[in-house]
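Since the structure comes first, as structure tokens, the remarks are kept for the end.
What you see is a predicted model; the values in this text were computed from it and never measured. The sequence lines fix the lettering, A, B, ..., with proteins before strands; numbering per chain opens at 1.
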2 protein chains.
Amino acid sequence: MSTHASIEKAGEKAGERRASRVTGALEALGRASLRMTPQRIAIVRAFVDDDGHPTAQQIFERLHRAMPTTSFATVYNTLAALERAGSCRTLRIAGATDDGTARFDPNVAPHDHAVCDRCGAVRDVPAPAQGEPAAPLDDGFEVRSVERVYRGLCERCRKGAHRRPPSRAR
Amino acid sequence: MSTHASIEKAGEKAGERRASRVTGALEALGRASLRMTPQRIAIVRAFVDDDGHPTAQQIFERLHRAMPTTSFATVYNTLAALERAGSCRTLRIAGATDDGTARFDPNVAPHDHAVCDRCGAVRDVPAPAQGEPAAPLDDGFEVRSVERVYRGLCERCRKGAHRRPPSRAR
DNA sequence: TTCGTAACCAAGAACGATTCTAAACATCGC
DNA sequence: GCGATGTTTAGAATCGTTCTTGGTTACGAA
């Protein structure tokens, strides 16, 4: 279940949140009149289970252990369906991984992201407190939402316990 | 920093800024002990001349008119060289164009971006005034920089004069 | 000037991520 | 259970990007 080490502490709470996210996502599928299939259930489980903003590849690998016949297209299709149903967001953060690779975020509540320059980990950050009335910009641009990406070093990497260099080479 | 239609007004100024960006970028190449070649000069010109955050494809097309033998690899190589020399930034903004496509920004001063949800245009936005002392996040993440992406509608699209639908299909 | 070396370029192959296609299959309302 | 319709599969296709190869050019030293 848990992903990172630090999660153990929050155990119960996180467990509950996840369970509700799983049911929430499945309900959203229903609401969007999309069918409930074993593949979709499995993908929702594997996906929602991961706060680390997995790539399609990562979700596919996890899934493949349980359902070895599942195809890549199904992962993409399901994620697209979830996104349409409002239970998933696609993230593209330059420099996080190899660049240009999509990451998927099961947390659709407004929030920001912190990206570690060294290990590439992406973490959720609560959005700044205020409702931010979002005044139009000087040139008349009507702001509907603001996304922030914090770049820097995660605590682990600051302490030298980083997983691996960011590997820019292909 | 003005970008589109509004630029006419700033005519002179923009011309100067561009000229200085061109020389600045070329000097930076020199400083990084990279050679000054016709291809590079042409790419710098085509690139710096465009505040619209062009893709490699767009730069290539513009270039191709002037130097029909230039290859795609040269465009990428040169942009990478410019980036190393500190005269270019790579942007990846989900939903801006086809998604996952890199855009290149000749403006390396700290600033944010506004993306129009309808026409996909990306525009520079001056970064918020304060120096933002960048306190570490709750979990010990050391913030080194913040990037903001404003999403919404540009003035043109608000007024119904949009270029084209965002075209999510490939 | 002539060489040698290193940087550069063009062309196209290779690559990885994502999407499409066609046919088989499963789901759900009846 | 039946059938219409939505899904899955497997693999091919596509797109953006990078790598490779082989030839070219710039430039400092002799």
**Prompt:** Mapping M36(B) and M36(A) onto DNA chain C by nearest heavy atom, which one lands closer to the 5' end?
**Reply:** M36(B)
**Asked** Between the side chains of N107(A) and H53(A), is a donor N or O closer than 3.5 angstrom to an acceptor N or O?
**Response** no
**Item:** Side-chain donor or acceptor of R40(B) paired with backbone N/O of R35(B) under 3.5 Å
**Value:** yes
**Rounded interatomic separation in angstrom, taking CE from M67(A) and P from dT9(D)** = 6 Å
**Message:** So, does T74(A) get its side chain near the phosphate of dT9(D), meaning an N or O under 4.0 Å from OP1 or OP2?
**Reply:** yes
**Item:** Whole angstrom value for the distance that separates P of dT17(D) from CD of E83(B)
**Value:** 12 Å
**Protein-nucleotide distance (L34(B), atom CG; dA6(C), atom C1'), rounded to Å** = 12 Å
**Nucleotide of dC9(C), dA17(C), dG16(D) approaching Q57(B) most closely (side-chain heavy atoms)** = dG16(D)
**Request:** Compare the minimum distances between each of dT8(D), dA10(C), dT18(C) and the side chain of Q39(A), then state the nucleotide with the smallest one.
**Result:** dT8(D)
**Message:** dT17(D), OP1 or OP2 - any side-chain N/O from Y76(B) closer than 4.0 Å?
**Reply:** yes
**Item:** Value in whole Å for how far the C1' atom of dT18(D) lies from CZ of R84(B)
**Value:** 13 Å
**Item:** Gap between atoms CZ and C1', on R92(B) and dT17(D) respectively (whole Å)
**Value:** 8 Å
**Message:** What's the closest nucleotide to the side chain of A73(B) if the choices are dC19(D), dA10(C), dA10(D)?
**Reply:** dC19(D)
**Item:** Out of dT25(D), dT27(C), dA10(C), whichever nucleotide has its closest atom nearest the side chain of R35(A)
**Value:** dT27(C)
**Asked** Closest heavy-atom contact between R89(B) and H113(B)?
**Response** NH2-CE1, 4.4 Å
**Distance, rounded to the nearest Å, where N77(B) contributes CG and dA11(C) contributes P** = 14 Å
**Asked** To the nearest angstrom, how far is L79(A) atom CG from dT19(C) atom P?
**Response** 10 Å
**Request:** For the side chain of T37(B), starting at C-beta, report the closest nucleotide among dC8(C), dA10(C), dT17(D).
**Result:** dC8(C)
**T78(B) side chain to Q39(B) side chain, donor-acceptor N/O pair below 3.5 angstrom** = no
**Item:** Integer-rounded Å distance: dC15(D) C1' and F72(B) CZ
**Value:** 10 Å
**Request:** Let me know, please, whether R40(A) or F104(B) comes out on the 5' side of the other along DNA chain D by nearest nucleotide.
**Result:** R40(A)
**Request:** From the options dT18(C), dT7(D), dA10(D), select the nucleotide whose nearest atom is closest to the side chain of S71(A).
**Result:** dA10(D)
**Message:** Do V115(B) and Y150(B) have side chains that approach each other closer than 4.5 Å (heavy atoms only, starting at C-beta)?
**Reply:** no
